[in-house]
Every structure is written in structure tokens, then in C-alpha cells.
Amino acid sequence: ALPIYTVTGSTTGNGCSSTCIVTFQVDSLPTVIATANPYQICLGDSAKLIATGALNYSWTPAATLSASTGDSVYARPTVTTTYTVTGVNANGCSRTDTVKVTVISNPTITVSNSSPTICTGGCTTLIATGGNTYVWSPSTGLNNTLDDTVIACPTTTTTYTVIGTVGSCSSTRTVTVTVNPPPTVTCSASAPRICLGSRDTLRATGAATYTWSPATGLSSTTGAQVISTPTAPGTYSYTVTGSTTDRKSTRLNSSHIPLSRM
């Protein structure tokens, strides 16, 4: 039973007294419970905070919350944070509860490219590190999309995206493979027929550097212009290979020059 408080007042000297009874009501505190869904998030994600047991609620700290009042709010902290909710019931009584949201850092994904620039028909190796699993996109030109190391053979310049995941957290990186077209090499001989003991000038155009083969009878195996000095009659055929200035984007284009010997 609840106690009854009595106050007794008396005068001095004559022994007279009277009493008064005072009563008041004590209301119960609300049972406030705070939960998070989920309790653990990746950096950049959010968690839903839910409070029950009262009529009105206020949350702190409010800086990373979608709202500071309400029975449910969204938290998007950048570091592990403990939130406090104060619940007030219909009688104005309040109680608090706390809930912690743990933030896990996303993995640091890096991508290396063996040849950032390739020629049409060429390939390059892309390697991702920092995750446990990977997903590459687009799949165009890739030998697979799920390994840390993939072979990319795109026909046009393509930017690939890799998502690396550790646990439930992931990060994204991109890498571009530039595809250069091969040079269009043309070649010719200054004279289609020469006499034994004479020389013929061979010329090539359309590229930056050139390589000639075979070397037999040639003044040089490199350069846009070489001299052929045959030592026996017959028909000679040389192949010239032209390359662009960027060795990584070298694409071979061969032409044959027949030289009839009289």
C-alpha cells in the first residue's frame, strides 16, 4: 500500500492541535527501448533507429540523423556512434535509452593496368587488390568478370568498373583501356624492275617507325626509306612493319614489295 502522509499542527502553551492529510500521485516512468536495423553498417550506408515504450521521442546527437524527433529516424554516421533517445509518456514522465551503430570502413580497392593503351586486337591485364571478392563491368572484352585478375581485349576505348567487397562492405574503382587503331602502312619500290648490279629505293609511309625484313641486300632494316642491292637475279619480296610512336599501342601492318631482277 502507498503511504499516507499526515501533518499535525499545534499551538504553544495550551496543548491544542489539528491535523491535515496531503495526498499526491506518483506516475510510472515509460519503458523506453531503442533498437537499430542494422546495428552494423558500412561507411556511407544508413541504419534505421526505432524507439518504443513512450508517446514522444527526441534523439541525440542529431548531426547525423534524418530527424531529431519521432519513433523512427535514420542514422548515417561516419564513425561508430552511440545515440540516445528520450521518451516521454502521456503523463510527462521520461526515460532514456541508448543504441550504438558500428561503422565499418569500406575496403580500399586499387586497380593496376599492364597496358593502359593497346592497339586494335590487343589485350591488357587488369588486376584489382584490396577486396575478397570482385565484380567487373561491363563484361565486353573481358575473359571473366569475377576474378581479381582479368584479361581485357576491348575493340574500342572502354572504362571498366570493379566493385571490391570485404564482408558486407564494398568500394568501386574504374580503369580505362584506350584502344588505338593500327597505322595504315603503304610501301613501294622506286623501280619495279632493275638490272643486276643496280640498286632500288624502297619507301614506306603511314607510320612513325618502320622495320624491314629480310635484311638480305638492304642498306638498313629500319627507316622510311632503305636501299636494296640484290646480288642475284630473281624476284625479291620485302616486308615492312609500321608502328605508332607509342610502343604500347604498336600494331603491325605488313606490305610486300616484289622486285623483279633482270
Side-chain angles (χ1 to χ4, degrees), residues 1-9 19-112 126-138 145-150 159-176:
L2 295 177
I4 298 176
Y5 296 96
T6 303
V7 59
T8 301
T19 62
C20 179
I21 297 175
V22 60
T23 62
F24 59 92
Q25 180 176 327
V26 178
D27 292 323
S28 299
L29 298 176
T31 302
V32 177
I33 299 175
T35 58
N37 183 24
Y39 285 94
Q40 181 174 283
I41 63 172
C42 301
L43 182 63
D45 291 342
S46 61
K48 185 178 183 179
L49 308 185
I50 302 171
T52 59
L55 182 62
N56 299 305
Y57 306 91
S58 60
W59 300 82
T60 59
T64 54
L65 295 177
S66 60
S68 60
T69 60
D71 58 355
S72 65
V73 297
Y74 286 90
R76 196 182 181 91
T78 56
V79 295
T80 297
T81 302
T82 298
Y83 294 95
T84 299
V85 61
T86 300
V88 180
N89 62 16
N91 295 317
C93 299
S94 65
R95 181 176 281 180
T96 63
D97 194 20
T98 60
V99 60
K100 183 169 73 172
V101 178
T102 301
V103 179
I104 301 176
S105 297
N106 292 320
T108 301
I109 304 300
T110 59
V111 179
S112 62
L126 308 179
I127 302 175
T129 58
N132 291 336
T133 61
Y134 304 91
V135 177
W136 297 81
S137 64
T145 59
L146 298 177
D147 289 344
D148 58 346
T149 301
V150 298
T159 297
Y160 292 100
T161 299
V162 59
I163 301 174
T165 302
V166 175
S168 60
C169 300
S170 61
S171 293
T172 300
R173 289 292 180 272
T174 60
V175 59
T176 299

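- Distance OH/Y160 to OG1/T174: 13.0 Å, rounded to 0.5 Å.
- Inter-residue side-chain proximity for T81 and Y83 is flagged as met; some heavy-atom pair is nearer than 4.5 Å.
- The closest side-chain heavy-atom distance from S105 to C169 is not below 4.5 Å.
- N106 contributes atom CG, which lies 6.5 Å from atom OG of S170 (distance to the nearest 0.5 angstrom).
- Shown here are the side chain to side chain contact (heavy atoms under 4.5 Å, CB included) partners of S28, two or more places apart in sequence or in another chain: there are none.
- Among residues at least two apart or in separate chains, there is no side-chain hydrogen bond (donor to acceptor under 3.5 Å, both in side chains) pair with a member in residues 90-103.
- Contact of the L49 side chain with the V101 side chain is registered, since non-hydrogen atoms from C-beta on lie closer than 4.5 Å.
- The distance from the CH2 atom of W59 to the OG1 atom of T86 is 9.5 Å, given to the nearest 0.5 Å.
- By the 4.5 Å heavy-atom criterion applied to side chains, D71 and T52 are not counted as neighbours.
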For this session: Evaluate the side-chain contact (heavy atoms from CB on, under 4.5 Å) criterion for residues V103 and I41: first the C-alpha distance (whole Å), next the side-chain angles of each, then the deciding distance (0.1 Å), finally the verdict.
Result: CA-CA 5 Å; V103 179; I41 63 172; 4.2 Å; yes
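- Side-chain N/O atoms of T60 and T84 include no donor and acceptor closer than 3.5 Å.
- Put simply, CD1 on I104 and CG on L43 are 10.5 Å apart, with the number rounded to the nearest 0.5 Å.
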For this session: Kindly determine whether V32 and V85 satisfy side-chain contact (heavy atoms from CB on, under 4.5 Å), including the steps that lead there.
Result: CA-CA 8 Å; V32 177; V85 61; 4.0 Å; yes
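- A search for side-chain hydrogen bond (donor to acceptor under 3.5 Å, both in side chains) contacts involving N37 returns nothing, not counting sequence neighbours.
- One finds the CD1 atom of I50 at 12.0 Å from the CD1 atom of I33 (value rounded to the nearest 0.5 Å).
- Listed by chain and number, the residues in a side-chain hydrogen bond (donor to acceptor under 3.5 Å, both in side chains) with S66 amount to none (sequence neighbours excluded).
- In plain terms, the two heavy atoms of D147 and V150 that are nearest each other are O-CG1, 3.9 Å.
- Using a 4.5 Å heavy-atom cutoff, the side chains of V73 and Y57 are not in contact.
- Looking at residues two or more places apart in sequence or on another chain, you find no side-chain hydrogen bond (donor to acceptor under 3.5 Å, both in side chains) involving T82.
- Within the structure, disulfide bond (SG atoms under 2.5 Å apart) pairs that include any residue of residues 53-106 do not occur (at least two apart or interchain).
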